[in-house]
Amino acid sequence: MTNRFLKLLSFVFILSAVGCGKNNDTNSANETVERRVETLLRKMTLEEKLGQMNQITSYANIEDLSNLIKKGEVGSILNEIDPVRINALQRVAIEESRLGIPILIARDVIHGFKTIFPIPLGQAASFNPDIVETGARIAAIEASSVGIRWTFAPMIDIGRDPRWGRIAEGFGEDTYLTSVMGVASIKGYQGDSLNNPTSIAACAKHFAGYGAAEGGRDYNSTNIPERLLRNVFLPPFEAAVNAGAATFMTSFNDNDGIPSTGNVFLLKDVLRKEWKFDGFVVSDWASVVEMITHGYAADEAEAALKAINAGVDMEMVSGSFVKEAPQLIKDNKLKESVIDDAVRDILRIKFKLGLFENPYAKEGSNTVCYDESHLQAAKQAAIESVILLKNTNQTLPVKSDIKSIAVVGPMANAPYEQLGTWVFDGDKAYTQTPLKAIDNLSKCHNIQLIYEQGLTHSRDNNMATIAKAANAAAKADVIFAFIGEESILSGEAHCLADLNLQGGQSALIEALYKTGKPVVTVVMAGRPLTIEKEISQSAAVLYSFHPGTMGGPAIADLLFGVAVPSAKTPMTFPKATGQVPMYYSHNNTGRPATRNEVLLNNIEVEAGQTSLGCTSFYLDAGFDPLYPFGYGLSYTTFSYSNIKLSKDKFKSDETIKVEFELENTGNYQGTEVVQLYVQDKSGSVTRPVKELKRFMRVTLQPTEKKTLSFELPISELAFWNIDMKKVVEPGDFNLWVATDSQSGEAVPFTVIQ
Ligand code: GLC
């Protein structure tokens, strides 16, 4: 026997002798997938390869669709949710196309498929990754039950501008919070293994920097320098790769003149070379050919060439790859080896999903969607996503001496609006609204319920119905006012230049305030709104980003004290639109505001030029936000004490342990989201005044006190520095353990060489 064969034989023997631990199993499974990919790829014609790189949107004519599939021209279909049609199309792919490659069925399952959870911005407010993972898992179970095996979520774009409609769809302004929630989503969607039939491939989107659209106007250009991109916008995507995200989606924006769909630095240098991503990249809807509109490609041939060479593996709906690539190869402008790499990435995910073994959906009655356990999970997510912004004189929860409640406002009984944006498949017939839930609870408490809509929808401006509602509400002991945004006012392309309430909603709150009865305002919106005046006229305010199917029972439980609010603001709430973009982890500047600046109405006539000080603030809005990041009240109160570090000097390979005591000093059981912030006081480049590095949810009974701790490796203080290297720089730092981003006392420590 040859020497080589003997070596191979011994290798096989050793492998079998040592047995296959998990890693060996994974390795051998991956080897199997790679072998299957190569075997199939070798058989494919160029047209069949390009077919895999082609995603089309479904349409009525199933014969036409079947013909395309039979010819091997389609790799994926989006927006088909009928299991009968899905199976028919899949059968054509497997039994009638030459190589029998199954198609990948995709859908935007963003915060639920049928059972709708709070919008992602609301889920972020829970600061509870378990809630996010559970929601994604349930969405995957429901979506896969009809044959969907790929979702275009999580959206992990950092958003610091509430004018941007898609702020609703992400996890807010913070890099760390977004990273944690993005990973939780991916775990939920993809489950323990992609080839589990209830798993669906996740899609980290939109790569990258999309949330920094200039002016908060969707699809607009961004100008994010590499260091800011790497320190703020990219970490959630790197975390997504490390969590095993199966796919990525390119973003519509051009950053510094380069559209992401043609951006080699993003798609090759960072995603593939640095992060070793081995899934596949899909463009956004027609974003390949939109590079012509951007002025980055002269025609479809150049757009296709730039996208494929940059690393886009699959083209969403614009069809230029199939059309242009054959000629580009003939003209030696495009190498077929680049096509092979793209097809490998796609086939790898199809094999990992088990599509070749398990391509069909169950047909017939669907008992999975809207399962009671799903609805209860959605209710819990909604409960944990509602922020208590104000509660003067413990107006909430409803007291036992309340005999009558008035429910008013356009969002009290708005089953469609309450679901929020990106709800293609949730059925408003299943929505449980606040009005219905409050009616149920009022009956249990023997409370009279008065209902007046006041306004028919959030943009309604009818002063007569406002007056009628106020007259009716004046008879009640307490008024619940439900205001906010119709779902169409946030989401893709739905940006606002002014964050004030729409229509006559502000007038409605004022009319209710003038009745002299306490007004509890509940806001359901897709973004932070500038509601300082309405808050001043309310005794209590609950802020609920569109809470989904079970938002009504969740909010009712909070109003009546069956549940206690625990959510925190996932992004800064500005006082005025003009303050935007506004976020807590800002740089200090050379002239930071002292936060007690003189405001417009207190300036003397003919005041001296420099009499107001020269710091960074607005004469008409000051410096402070309406509410900072991480802010939220409870029905109880908490006190922090004895915050101490394991020591005060650390080497870069050490870990900080910070201990603290938390006490529930109020009368209700409550959950506090404890936040850990760090400031790098001086660096080779300016650093943010503070950055969130950890958080934990702690539930305590009244008077209960616990000693708790965070551990933070110094390595997590690394940032991309003046040399564009990711390093921890020695020096002085501050650390806070606090209830929000503006509270707490700084605890100093030093990092030494
Ligand atoms: C849209 C969105 C993207 C979505 C895709 C498919 O334009 O930008 O987030 O997943 O098209 O619907």
Side-chain angles (χ1 to χ4, degrees), residues 54-59 74-81 103-113 119-121 136 139-140 143 148-159 164-171 178 182 185-186 189 200-213 216-222 233 236-237 240 245-255 259-261 263 266 279-291 293-294 307 312-320 349 420-426 487-488 490-495 526:
N54 188 34
Q55 179 183 60
I56 63 174
T57 190
S58 187
Y59 49 87
V74 179
S76 171
I77 293 180
L78 77 153
N79 299 332
E80 179 54 70
I81 62 163
I103 45 178
L104 182 50
I105 302 295
R107 183 71 160 175
D108 289 285
V109 182
I110 307 299
H111 52 109
F113 178 59
I119 57 172
L121 190 59
I148 295 164
R149 296 299 310 276
W150 180 21
T151 179
F152 300 127
M155 193 269 231
I156 48 180
D157 299 304
I158 297 298
W164 187 48
R166 304 198 75 164
I167 205 80
E169 198 182 332
F171 294 109
T178 298
S185 301
I186 291 161
Y189 288 128
I200 61 178
C203 182
K205 74 181 187 182
H206 305 82
F207 193 54
Y210 184 31
R217 187 157 42 84
D218 203 5
Y219 315 121
N220 202 4
S221 298
T222 61
F233 293 89
F237 288 96
T247 69
F248 263 54
M249 182 187 292
T250 61
S251 59
F252 285 122
N253 59 296
D254 58 326
N255 187 50
S260 300
T261 306
N263 192 319
L266 278 178
F280 75 82
V281 176
V282 65
S283 76
D284 202 336
W285 187 284
S287 67
V288 170
V289 297
E290 282 180 9
M291 290 199 284
T293 316
H294 270 289
V312 175
D313 300 313
M314 186 182 283
E315 178 180 17
M316 188 184 288
V317 307
S318 41
S320 70
I349 297 303
T421 189
W422 281 109
V423 174
F424 284 163
D425 305 303
S487 70
I488 193 66
S490 62
E492 182 172 352
H494 303 158
C495 304

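Numbering of ligands and ligand atoms starts at 1, following listing order.
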With respect to Phe233, which candidate in Thr178, Thr222, Ile156, Ile158 satisfies the side chain to side chain contact (heavy atoms under 4.5 Å, CB included) definition?
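When side chain to side chain contact (heavy atoms under 4.5 Å, CB included) is applied between Phe233 and each of Thr178, Thr222, Ile156, Ile158, only Ile158 qualifies.
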
Heavy atoms only: which of Met249, Gln55, Glu169, His206 is nearest to atom 9 (O) of ligand 1?
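Ranked by closest heavy atom to atom 9 (O) of ligand 1, first place is His206.
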
Do the side-chain N and O atoms of Asn255 and Tyr210 include a donor-acceptor pair separated by under 3.5 angstrom?
no

Go through the steps to decide whether Glu315 and Ser318 satisfy the test side-chain hydrogen bond (donor to acceptor under 3.5 Å, both in side chains), and finish with yes or no.
CA-CA 7 Å; Glu315 178 180 17; Ser318 41; 2.6 Å; yes

Ring centers of Phe280, Trp150 separated by less than 6.0 Å:
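Yes, the ring centres sit under 6.0 Å apart.
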
With heavy atoms under 4.0 Å as the rule, classify the contact between Arg166 and ligand 1 as side chain, backbone, both or neither.
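Looking at Arg166 and ligand 1, just side chain atoms fall under 4.0 Å.
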
At a non-hydrogen distance cut-off of under 4.0 Å, which region of Glu492 contacts ligand 1 (side chain, backbone, both, or neither)?
side chain

Who's the nearest protein heavy-atom neighbour of atom 11 (O) of ligand 1, and how far?
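Going atom by atom, the protein heavy atom closest to atom 11 (O) of ligand 1 ends up being Asp284 OD1, 3.1 Å.
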
What is the closest protein heavy atom to atom 6 (C) of ligand 1, and at what distance does it sit?
Asp108 OD2, 3.2 Å

Under 4.0 Å from any heavy atom of [X], which atoms of ligand 1 are there?
X: Lys205; result: 3 (C), 4 (C), 9 (O), 10 (O)
X: Trp285; result: 7 (O), 11 (O)
X: Phe252; result: 7 (O), 8 (O)

When you measure from the side chain of Asp157 to the backbone of His206, do you find a donor-acceptor pair of N or O atoms at a distance under 3.5 Å?
yes

Should Thr250 and Asp284 be marked as a side-chain hydrogen bond (donor to acceptor under 3.5 Å, both in side chains) after you check the CA-CA gap, both sets of side-chain angles, and the distance that decides it?
CA-CA 6 Å; Thr250 61; Asp284 202 336; over 6 Å; no

